[in-house]
There are 2 protein chains.
Amino acid sequence: MRKRINALAEQLLDTLEQKGYRSTEPRRAMAQVIANQDKHFTAEDLRKQLPSLGRATIFRSLKLLVETGMVCRVLLEDGDLHYQLSHRGHHHHLLCVECGSSQDLLGCDIEDLLQQTSARHGFELSGHWLEVYGRCNACRNVEQTVELANA
Amino acid sequence: MRKRINALAEQLLDTLEQKGYRSTEPRRAMAQVIANQDKHFTAEDLRKQLPSLGRATIFRSLKLLVETGMVCRVLLEDGDLHYQLSHRGHHHHLLCVECGSSQDLLGCDIEDLLQQTSARHGFELSGHWLEVYGRCNACRNVEQTVELANA
DNA sequence: AATGAAAAGATACTAGGTATCAATATTCGC
DNA sequence: GCGAATATTGATACCTAGTATCTTTTCATT
Ligand SMILES: [Mn+2]
Ligand SMILES: [Mn+2]
Ligand SMILES: [Zn+2]
Ligand SMILES: [Zn+2]
């Protein structure tokens with residue numbers, strides 16, 4: 001009996017199938033769990049939510065999803081590597097160091113700047129990795145509210 | 001008998017001492033080896049060159065050097081983490097994916113851009129991590145030479 | 001030189017991930 | 001719908017990078 005999964009999870013599987021990968025029960029389960037994640041997560045997080053799957057399977061599927069662009073890797077400020085559902089294509093993240101949320105930066109407007117800087121150094125630009133750390137709107141508002149309450 | 005070490009290595013140790021850390025034989029040896037590195041390196045690279053040091057000592061000293069800003073961490077395109085001698089202060093790297101060399105980008109001119117982008121998302125910027133990948137001048141010249149020779 | 005603190009080294013342990021391989025599930029042609 | 005060919009799984013062992021703990025050694029100071 002095939003478990004019912006939501007539209008987003010369905011889409012992940014469809015994309016895998018289009019790339020020639022089989023639609024298996026473990027992959028269905030992973031797609032569903034990943035689709036339910038509201039923040040970036042680790043392989044270990046998935047494992048806790050999918051105790052019946054083999055550990056290797058989790059790493060393998062995760063890798064597949066990263067390679068096909070559906071999940072992206074997120075470097076936390078402390079060096080930890082997490083994963084999260086990805087918008088396709090090149091983009092960056094605004095990572096809140098307080099609540100751990102992450103916002104996608106879709107347009108990559110540093111490309112031009114890097115191009116210029118590279119040129120100045122005789123360097124042929126081919127790619128870059130950028131992560132941005134700070135505090136998100138929600139966390140800033142909470143602090144403001146607390147300040148007002150104490151005033 | 002205190003081994004003679006070069007000026008750069010001496011400087012690393014002096015800085016450690018100024019921060020209250022002792023100048024020990026293992027640290028002298030590490031400082032010297034790191035000063036001799038011409039590229040980014042891993043802890044394992046150091047270990048091969050310093051087989052008499054305990055593994056934990058290598059990791060501990062490396063961490064110390066990173067914390068005091070004398071060595072910086074470099075994220076390779078494949079996700080590998082390497083280390084290298086650092087110019088103090090915030091900076092980025094132009095990493096050649098062909099020869100593995102790395103050039104420091106001293107001025108960080110993306111700060112303004114990030115500030116604007118963050119503001120647009122209601123995000124309070126506090127930091128960022130940027131690595132730039134491509135091909136260095138030397139590698140480009142080599143290719144050109146080969147092309148000419150084959151023409 | 002004696003002392004107390006810092007550091008080293010041995011060892012065991014952890015997290016995150018990969019290699020191997022026999023057993024199983026999925027797909028595809030019929 | 002059935003079976004063969006093949007992709008995938010899960011168990012296990014292994015690996016890299018790093019940390020925790022603890023005893024012994026080294027350093028800096030007096
Ligand atoms: Mn992303
Ligand atoms: Mn650097
Ligand atoms: Zn936040
Ligand atoms: Zn190069």
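As a basis for the values below, the full set of heavy atoms in this structure was taken, side chains included, without hydrogen atoms, waters or symmetry mates.
A chain of hydrophobic side-chain contacts below 4.5 Å, direct or via other Ile, Leu, Val, Met, Phe, Trp or Tyr residues, connects B/Leu53 to B/Tyr83.
Along DNA chain D, the nucleotide nearest to A/Leu64 and the one nearest to B/Lys63 differ in position, and the one closer to the 5' end is contacted by A/Leu64. For the pair B/Pro26 and B/Glu44, both in contact range of DNA chain D, the more 5′-proximal nearest nucleotide belongs to B/Glu44. Comparing A/Ala43 and A/Arg60 against DNA chain C, the residue whose closest nucleotide sits nearer the 5' end is A/Ala43.
Rounded to whole Å, the distance from NE2 on B/His82 to C1' on D/dG18 is 15 Å. The distance from atom CD of A/Glu25 to atom C1' of C/dA23 is 18 Å, rounded to the nearest whole Å. Rounded to an integer number of Å, the gap from A/Glu67 CD to C/dT18 C1' is 13 Å. Summarising the geometry, the separation between CZ on B/Arg28 and C1' on C/dA8 is reported as 14 Å, rounded to the nearest angstrom. Atom CG of A/Asp80 and atom P of C/dG16 are 7 Å apart (whole Å). Rounded to whole Å, the distance from CG on A/Leu62 to C1' on C/dT18 is 14 Å. In this structure, A/Lys19 atom NZ and D/dT8 atom P are separated by 14 Å, rounded to whole Å.
A close approach under 4.0 Å does not occur between any side-chain nitrogen or oxygen of A/Thr24 and OP1 or OP2 of D/dA7. Put simply, B/Tyr21 has no side-chain N or O that comes within less than 4.0 Å of OP1 or OP2 on C/dA8. Within the 4.0 Å cut-off from OP1 or OP2 of D/dT16, not a single side-chain nitrogen or oxygen of B/Arg47 is found.
With a 6.0 Å radius and a threshold of 12 heavy atoms from other residues, nucleotides or ligands, A/Gln11 has its CD atom at or below the threshold. The number of heavy atoms from other shown groups lying within 6.0 Å of OH (B/Tyr21) does not exceed 12.
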Evaluate the side-chain hydrogen bond (donor to acceptor under 3.5 Å, both in side chains) criterion for residues A/Ser126 and B/Arg135: first the C-alpha distance (whole Å), next the side-chain angles of each, then the deciding distance (0.1 Å), finally the verdict. CA-CA 8 Å; A/Ser126 72; B/Arg135 282 165 70 237; over 6 Å; no

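Residue pairs meeting the salt bridge (Lys or Arg N to Asp or Glu O under 4.0 Å) criterion with at least one partner in residues 58-71 of chain B, sequence neighbours excluded, are absent.
In this structure, B/Thr68 contributes its side chain and B/Leu65 its backbone to a donor-acceptor pair below 3.5 Å.
Looking at residues 48-59 of chain B, you'll see B/Arg55, B/Ala56, B/Phe59 sit with a heavy atom under 4.0 Å from some atom of DNA chain D.
Each of C/dG9, C/dG17, D/dA28 was ranked by its minimum atom distance to the side chain of B/Ser23; first place goes to D/dA28. Side chain of A/Tyr83, nearest nucleotide from C/dT26, C/dG17, C/dA8: C/dG17.
Between A/His90 and A/His128, the two ring planes are perpendicular [angle over 60°; tilted spans 30° to 60°].
Remark: B/Glu25 CD to B/Thr57 OG1 distance equals 12.5 Å, nearest 0.5 Å.
Looking only at atom types and distance, the side chain of B/Glu124 has no donor-acceptor partner in the side chain of B/Ser118 under 3.5 Å away.
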Review item, nucleotides 3-6 of chain D N/O atoms under 3.5 Å of protein N/O:
residue : atom : partner : partner atom : Å
D/dT6   : O2   : A/Arg22 : NH1          : 3.1
D/dT6   : O2   : A/Arg22 : NH2          : 3.0

